[in-house]
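Shown next, in structure tokens, is the structure this report addresses.
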Number of protein chains: 2
Amino acid sequence: MNEAAPRTRIQKRNREIILEAALEVFSAEGFRGATLDRIAEAAGLSKPNLLYYFPSKEAIHVALLAGLMDTWLAPLAGIDPDGDPVEEILAYVRLKLDMARDYPRESRLFAQEIVQGAPRILDQIEGPLKTLVDEKAAVIRAWAEAGRIAPLDPCHLIFSIWATTQHYADFDVQVRGILRPEGETHFDAAHAFLEGLFRRALTPDGPAGAAIR
Amino acid sequence: MNEAAPRTRIQKRNREIILEAALEVFSAEGFRGATLDRIAEAAGLSKPNLLYYFPSKEAIHVALLAGLMDTWLAPLAGIDPDGDPVEEILAYVRLKLDMARDYPRESRLFAQEIVQGAPRILDQIEGPLKTLVDEKAAVIRAWAEAGRIAPLDPCHLIFSIWATTQHYADFDVQVRGILRPEGETHFDAAHAFLEGLFRRALTPDGPAGAAIR
DNA sequence: CGTGATCCTGACCAAACGGTCAAACCTTTT
DNA sequence: AAAAGGTTTGACCGTTTGGTCAGGATCACG
């Protein structure tokens with residue numbers, strides 16, 4: 001089985017079915033907690049059939065992570081150096097929170113991988129991810145030095161955005177447990193809160209002595 | 001084996017050794033990823049001996065989580081309604097970040113449990129944790145309504161503090177991967193950053209038209 | 001110092017697990 | 001329509017895993 005390129009439409013379809021099922025199971029149970037039997041069941045395929053399309057359990061996991069990385073990084077890549085600094089960063093926050101709401105399984109998959117030391121994607125982190133963060137951090141640093149946003153460390157700012165947004169996906173159970181019986185609207189509240197938090201933190205102080213209302 | 005009360009000093013000592021080893025292994029590999037053999041090895045005891053002190057693998061996990069919950073909640077409980085609002089919250093942030101630095105295994109243990117749906121501590125979350133959060137949220141809400149801090153949703157503020165601080169423990173690998181080759185000082189930088197972030201976000205606006213420098 | 005309670009271990013077990021394989025089945029191509 | 005290539009499966013295998021057990025070692029105490 002050539003893993004890289006599907007040759008028939010059955011291959012393409014079943015690959016996708018398997019990855020979807022694997023995402024469901026891996027994100028909920030972790031790599032070790034997930035079993036081929038449960039993935040096969042979720043995919044509606046037999047276990048040997050799974051292993052016809054992927055050489056091993058680990059290969060499925062790696063394929064999932066690799067396929068997701070780009071999608072996951074896209075919002076950060078979208079920060080525009082020529083845009084309005086505060087609005088660009090707030091737009092990023094909004095997009096990242098939308099992803100936590102719309103793709104919680106992907107978020108949890110990454111979270112578990114990284115908590116356990118990222119054994120399968122460490123190179124991706126130290127490679128493409130670091131490169132992208134370095135690039136965008138430079139943009140933010142320039143904004144800060146120009147006084148267009150408050151002087152905050154860009155890397156830690158990015159971390160804080162990741163942390164606060166992904167929290168709503170990764171710690172969903174805790175959030176719901178504490179907010180209950182507040183309904184399904186807590187993502188709206190989170191949007192409003194994070195917008196307020198980061199807008200206040202980012203907006204530069206006026207020139208010394210200036211009146212601010 | 002009476003699980004609740006150690007009757008001899010050997011019992012007490014070995015219980016602690018086992019829990020320490022279990023923390024090491026569970027936090028690194030997750031519940032399903034950890035094996036009794038690895039815990040036994042880390043504890044320097046035989047596997048049957050482990051099961052002499054705890055009736056099952058799950059019992060060890062539960063004992064760990066239960067024993068940690070109080071410690072984990074202590075900093076939040078320490079927020080003083082009579083203190084200076086901004087300083088009280090900033091002190092909480094500092095304490096929480098210290099815990100992420102000094103007790104990363106505990107943080108990762110909780111993180112993994114909650115990511116997977118908190119199957120073993122859901123009642124603790126919806127019970128004592130929710131109660132405590134509700135109590136402190138009320139304090140913060142009162143501060144906000146009195147105009148002593150900026151008007152931010154207290155629950156989401158607490159979430160954002162948890163998220164940003166625990167991020168440095170739970171996603172340590174990612175943080176190091178991106179900050180590299182920055183040395184071991186990144187917790188100092190994180191302290192400074194979070195202090196700046198939350199101070200800016202929390203400090204109330206001056207009265208309309210007032211000069212702020 | 002001996003005796004009962006506590007502590008520890010090697011050998012073992014059943015279930016679950018990831019993975020294999022030959023053979024059957026289905027699709028596409030000629 | 002039949003060969004060729006792609007797909008699916010039941011049965012099976014070796015290993016790992018959580019857990020048991022009978023018996024031996026060690027400790028506390030009268």
Side-chain angles (χ1 to χ4, degrees), chain A residues 1-65 112-113 116 119-120, chain B residues 1-65 112-113 116 119-120:
Chain A
M1 173 67 35
N2 183 337
E3 199 189 327
R7 308 219 167 280
T8 73
R9 45 167 191 279
I10 295 181
Q11 260 177 52
K12 191 177 183 203
R13 200 197 44 152
N14 282 357
R15 264 326 152 82
E16 282 169 10
I17 288 176
I18 291 171
L19 288 177
E20 157 66 26
L23 173 60
E24 185 71 26
V25 179
F26 278 135
S27 68
E29 321 263 2
F31 179 73
R32 293 287 304 265
T35 69
L36 287 178
D37 289 281
R38 278 188 43 74
I39 297 173
E41 186 193 340
L45 299 173
S46 68
K47 184 168 65 168
N49 206 5
L50 243 65
L51 293 163
Y52 173 72
Y53 288 102
F54 292 91
S56 69
K57 178 185 176 182
E58 179 152 355
I60 301 177
H61 196 240
V62 170
L64 253 189
L65 290 169
Q112 301 203 55
E113 176 70 8
Q116 296 193 0
R120 281 169 262 273
Chain B
M1 176 66 35
N2 184 338
E3 198 190 329
R7 309 220 166 277
T8 74
R9 47 168 189 280
I10 295 182
Q11 255 175 58
K12 190 176 185 203
R13 200 196 45 149
N14 282 355
R15 248 1 130 77
E16 281 168 11
I17 288 177
I18 291 171
L19 288 177
E20 157 66 26
L23 174 60
E24 184 71 26
V25 178
F26 278 136
S27 68
E29 321 263 2
F31 179 73
R32 291 289 302 266
T35 69
L36 286 178
D37 290 281
R38 280 188 42 73
I39 297 173
E41 185 194 340
L45 299 173
S46 69
K47 185 169 65 167
N49 206 5
L50 243 64
L51 293 163
Y52 173 73
Y53 288 102
F54 291 90
S56 68
K57 177 185 176 182
E58 179 151 354
I60 301 178
H61 197 239
V62 169
L64 254 188
L65 289 169
Q112 300 202 56
E113 176 69 8
Q116 296 192 2
R120 281 169 261 273

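Within every chain, numbering begins at 1; the chains are lettered A, B, ... in the order of the sequence lines, protein sequences first and strands thereafter. The model shown is predicted, which means the values in this text are computed figures rather than measured ones.
- Counting heavy atoms from C-beta on, the side chains of Ile39(A) and Phe26(A) come closer than 4.5 Å.
- No side-chain heavy atom of Asp37(A) sits under 4.5 Å from any side-chain heavy atom of Glu41(A).
- Within the 4.0 Å cut-off from OP1 or OP2 of dC8(C), not a single side-chain nitrogen or oxygen of Tyr52(B) is found.
- Between Ile18(A) and Asn49(A) the shortest side-chain heavy-atom distance does not fall below 4.5 Å.
- One interatomic measurement links the two molecules: CD of Glu29(B) to C1' of dT17(D), which rounds to 14 Å at whole-angstrom precision.
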Polar pairs (N or O, both sides) under 3.5 Å between protein and nucleotides 18-21 of chain C?
| from | atom 1 | to | atom 2 | distance (Å) |
| --- | --- | --- | --- | --- |
| dG18(C) | OP1 | Ala34(A) | O | 3.4 |
| dG18(C) | OP1 | Lys57(A) | NZ | 2.8 |
| dG18(C) | OP2 | Leu36(A) | N | 2.9 |
| dG18(C) | N7 | Lys47(A) | NZ | 3.1 |
| dG19(C) | OP2 | Lys57(A) | N | 2.8 |
| dG19(C) | O6 | Lys47(A) | NZ | 3.4 |

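- The CG-C1' distance, from Asn49(A) to dA23(C), rounds to 15 Å in whole Å.
- Not one side-chain nitrogen or oxygen of Gln11(A) sits closer than 4.0 Å to the OP1 or OP2 atom of dG6(D).
- Following rounding to the nearest Å, Arg15(B) (CZ) and dT6(C) (P) show an atom-to-atom distance of 13 Å.
- When the local axes at the two ends of the helix from dC1(C)-dG30(D) to dT30(C)-dA1(D) are compared, using 5 base pairs at each end, they differ in direction by 10° after rounding to 10°.
- Looking only at side-chain heavy atoms (C-beta outward), Leu19(B) and Phe54(B) come within less than 4.5 Å of each other.
- The side chain of Ser46(B) places an N or O atom within less than 4.0 Å of a non-bridging phosphate oxygen (OP1 or OP2) of dT9(C).
- Taking atom CG of residue Leu50(B) and atom C1' of nucleotide dC8(C), one finds them 12 Å apart after rounding to whole Å.
- One can place CD1 of Ile39(B) at 8 Å from P of dG18(D), the figure rounded to the nearest angstrom.
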Please write out each protein N/O paired with an N/O of nucleotides 25-30 of chain C under 3.5 Å, distance rounded to 0.1 Å.
| from | atom 1 | to | atom 2 | distance (Å) |
| --- | --- | --- | --- | --- |
| dT28(C) | OP1 | Arg9(A) | NH2 | 2.6 |

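- Checked by atom type and distance alone, the side chain of Glu113(B) pairs as donor or acceptor with a backbone atom of Arg120(B) at under 3.5 Å.
- Between Glu29(B) and Arg32(A), no side-chain nitrogen of the basic residue sits less than 4.0 Å from a carboxylate oxygen of the acidic one, so the salt-bridge criterion is not met.
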